[in-house]
Undergrad: 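First the structure, then my questions, so here it is.
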Amino acid sequence: MKGLFITAEGPEGAGKTTIIHMLVKHLEKEGQKVIYTREPGGIKIAEQIRSVILNPDHTEMDGRTEALLYAAARRQHLVEKVLPAINEGYIVLCDRFLDSSLAYQGYARGLGIEEVLSVNQFAIENLMPTKTIYFDLEPEIGFNRIKKNLDREINRLDLEELDFHHKVREGYQLVIDREPERFVTINADQTIEQVYSETLHALESIISTHVTSTSL
Ligand code: TMP
């Protein structure tokens, strides 16, 4: 039986990484076959591309170069890790995917959602997540959370002005409006327990709907 491909999206500081790790632990305890992975990264080559993209010293990086590097990391991660796991029946919970490129590079950087989508089509060959959980949060709140979390790496995109992050949120909204049935939106401006409980509820409903009908 084939597995499921579910992605998590949202701005910086929305807590999605913490929540996904909690979900994975919960599903593992229930005996489900599940893996956590992330973009950019998740495998050796893509983690190396990640360190090039996100290095705070690489201020000269051109926007299109950035978009292409994300797409390259995505391609390798998909063929090396995500697809084999899905084919082995795993539920793959992936921290960011294509929608991040559309919101950050396509809209916030101004490269164009359509242009970034077409570059990414080459990388993903139409393989889209079955569902995407979007953690919605005001950029100001996310930023305050990041500043308080001293263990978190500060990456090159964190250094963008607040205005850029407002555009990211607008970009996500445009992406969701294009394909609303793929998204489940979670209000991330709540306690971690509340966000976790809502997300778990959403995820359980996705799994029960799709694992029985084997959508991929
Ligand atoms: P992370 O902090 O969630 O690990 O993500 C790394 C950063 O990369 C974050 O600022 C969002 C950004 N990003 C893009 O701009 N485009 C993409 O396609 C992806 C996957 C991430």
Side-chain angles (χ1 to χ4, degrees), residues 5-17 19-20 38-42 46 49-50 52-54 56 58-59 61-75 77-78 93-124 126-146 152-189 195 199 202:
F5 183 30
I6 299 168
T7 58
E9 293 284 352
E12 328 293 324
K16 65 183 164 34
T17 306
I19 300 287
I20 307 173
R38 70 166 180 180
E39 277 204 3
I49 297 174
R50 177 187 178 97
V52 172
I53 307 174
L54 296 178
H58 292 172
T59 50
M61 190 179 289
D62 171 73
R64 288 182 182 222
T65 306
E66 182 180 282
L68 289 165
L69 286 173
Y70 277 117
R74 177 160 303 132
R75 170 72 188 174
H77 179 240
L78 205 56
L93 289 182
C94 187
D95 194 345
R96 298 194 182 278
F97 188 62
L98 170 69
D99 302 311
S100 285
S101 285
L102 302 181
Y104 282 77
Q105 283 68 52
Y107 190 77
R109 283 258 185 265
L111 296 179
I113 290 181
E114 288 305 332
E115 285 77 358
V116 172
L117 181 60
S118 79
V119 164
N120 274 276
Q121 283 299 5
F122 182 67
I124 66 172
N126 288 326
L127 192 118
M128 288 296 285
T130 300
K131 283 278 177 187
T132 299
I133 302 173
Y134 173 61
F135 294 87
D136 189 33
L137 190 67
E138 290 274 352
E140 285 84 355
I141 301 173
F143 259 59
N144 284 336
R145 287 186 184 168
I146 288 172
R152 187 182 181 281
E153 62 170 9
I154 295 294
N155 70 48
R156 193 169 53 83
L157 277 86
D158 293 337
L159 302 177
E160 291 287 342
E161 299 293 325
L162 197 54
D163 183 46
F164 176 83
H165 294 281
H166 276 286
K167 286 205 187 118
V168 168
R169 192 176 188 214
E170 280 170 38
Y172 270 124
Q173 203 48 59
L174 291 171
V175 171
I176 293 169
D177 290 346
R178 292 160 63 106
E179 232 184 314
E181 64 295 338
R182 178 163 58 87
F183 288 87
V184 177
T185 297
I186 303 285
N187 172 14
D189 184 15
V195 177
T199 314

Undergrad: Can you give each donor-acceptor pair under 3.5 Å made by side-chain atoms of residues 103-114, sequence neighbours left out, with the distance rounded to 0.1 Å?
TA:
{"unit_1": "Y104", "atom_1": "OH", "unit_2": "E12", "atom_2": "OE2", "d": "2.5"}
{"unit_1": "Y104", "atom_1": "OH", "unit_2": "R96", "atom_2": "NH2", "d": "3.2"}
{"unit_1": "Q105", "atom_1": "NE2", "unit_2": "E66", "atom_2": "OE2", "d": "2.6"}
{"unit_1": "Y107", "atom_1": "OH", "unit_2": "E170", "atom_2": "OE1", "d": "2.9"}
{"unit_1": "R109", "atom_1": "NE", "unit_2": "E66", "atom_2": "OE1", "d": "3.4"}
{"unit_1": "R109", "atom_1": "NE", "unit_2": "E66", "atom_2": "OE2", "d": "3.0"}
{"unit_1": "R109", "atom_1": "NH1", "unit_2": "E160", "atom_2": "OE2", "d": "2.9"}
{"unit_1": "R109", "atom_1": "NH2", "unit_2": "E66", "atom_2": "OE1", "d": "3.0"}
{"unit_1": "R109", "atom_1": "NH2", "unit_2": "E160", "atom_2": "OE2", "d": "3.2"}
{"unit_1": "E114", "atom_1": "OE2", "unit_2": "R178", "atom_2": "NH1", "d": "2.9"}
{"unit_1": "E114", "atom_1": "OE2", "unit_2": "R178", "atom_2": "NH2", "d": "3.2"}

Undergrad: Is any side-chain heavy atom of R74 less than 4.5 Å from a side-chain heavy atom of I124?
TA: yes
Undergrad: List in chain and number order the residues that pass side chain to side chain donor-acceptor pair (under 3.5 Å) with D95, two or more places apart in sequence or in another chain; answer none if no residue qualifies.
TA: K16, T17, Y36
Undergrad: With side chains defined as the heavy atoms from C-beta onward, is the minimum distance between V195 and I186 less than 4.5 Å?
TA: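 Side chain of V195 against side chain of I186, heavy atoms only: contact under 4.5 Å found.
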Undergrad: Which atoms form the tightest heavy-atom contact between G13 and L137, and what is the distance?
TA: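 Heavy-atom minimum between the residues: O-CD2, 3.5 Å.
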Undergrad: Checking N144 now: which residues fulfil side chain to side chain contact (heavy atoms under 4.5 Å, CB included) with it, not counting sequence neighbours?
TA: K147
Undergrad: How many angstroms lie between atom CG of L78 and atom CZ of F5, to the nearest 0.5 angstrom?
TA: 6.0 Å
Undergrad: Minimum heavy-atom separation for M61 to V52, with atom names?
TA: CE-O, 3.6 Å
Undergrad: What's the spacing between T132 OG1 and E9 CD if we round to 0.5 Å?
TA: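 Answer for the OG1-CD pair, T132 versus E9, is 6.5 Å.
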Undergrad: Test your reading of the model: is there a side-chain donor-acceptor pair from H166 to the backbone of P139, 3.5 Å cut-off?
TA: no
Undergrad: List the residues meeting side chain to side chain donor-acceptor pair (under 3.5 Å) with D163, not counting sequence neighbours, and say none if there are none.
TA: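 So D163 forms no side chain to side chain donor-acceptor pair (under 3.5 Å) with any residue.
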Undergrad: Do the side chain of N120 and the main chain of A123 share a donor and acceptor less than 3.5 angstrom apart?
TA: no
Undergrad: Suppose we screen for side chain to side chain donor-acceptor pair (under 3.5 Å). Which residues come up paired with E179, at least two apart in sequence or across chains?
TA: R182
Undergrad: Rounded to the nearest 0.5 Å, how far apart are CG of L69 and CG of L54?
TA: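 The distance works out to 10.0 Å.
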Undergrad: Which of parallel (below 30°), tilted (30 to 60°) and perpendicular (above 60°) describes F183 and Y134?
TA: perpendicular
Undergrad: Nearest heavy-atom pair of A188 and A14: which atoms, and what distance?
TA: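 Between these two residues, the closest heavy atoms are CB-O, 3.6 Å.
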Undergrad: With side-chain contact (heavy atoms from CB on, under 4.5 Å) as the test, would you mind laying out the steps for R38 and H77 before giving the verdict?
TA: CA-CA 9 Å; R38 70 166 180 180; H77 179 240; over 6 Å; no
Undergrad: With sequence neighbours excluded, what pairs up with D177 under the side chain to side chain contact (heavy atoms under 4.5 Å, CB included) test?
TA: Q173
Undergrad: Looking only at heavy atoms, which two atoms of C94 and E39 are closest? And how far apart?
TA: SG-CG, 4.2 Å
Undergrad: Apply side-chain contact (heavy atoms from CB on, under 4.5 Å) to residues D136 and N187 and explain how you reach the verdict.
TA: CA-CA 5 Å; D136 189 33; N187 172 14; 5.8 Å; no
Undergrad: If you measure from CG on L93 to CD1 on I19, what distance do you get to the nearest 0.5 Å?
TA: 12.0 Å
Undergrad: Specify the closest pair of heavy atoms between A73 and P40, including all atoms of both residues, with the distance to one decimal.
TA: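 Smallest heavy-atom distance, with atoms named: CB-CB, 4.2 Å.
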Undergrad: Considering only heavy atoms from C-beta outward, does the side chain of L117 approach that of L102 to under 4.5 Å?
TA: yes
Undergrad: If I compare all heavy atoms of Q121 with all of N126, which pair ends up nearest, and what's the gap?
TA: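 Answer, listing the atom of Q121 first, then N126: OE1-OD1, 3.2 Å.
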Undergrad: side-chain contact (heavy atoms from CB on, under 4.5 Å), that's the test. Do T7 and I133 meet it? Break it down for me.
TA: CA-CA 6 Å; T7 58; I133 302 173; over 6 Å; no
Undergrad: For a side-chain contact (heavy atoms from CB on, under 4.5 Å) check, start with the C-alpha distance between S100 and Y70, then their side-chain angles and the critical distance, and finish with the verdict.
TA: CA-CA 9 Å; S100 285; Y70 277 117; over 6 Å; no
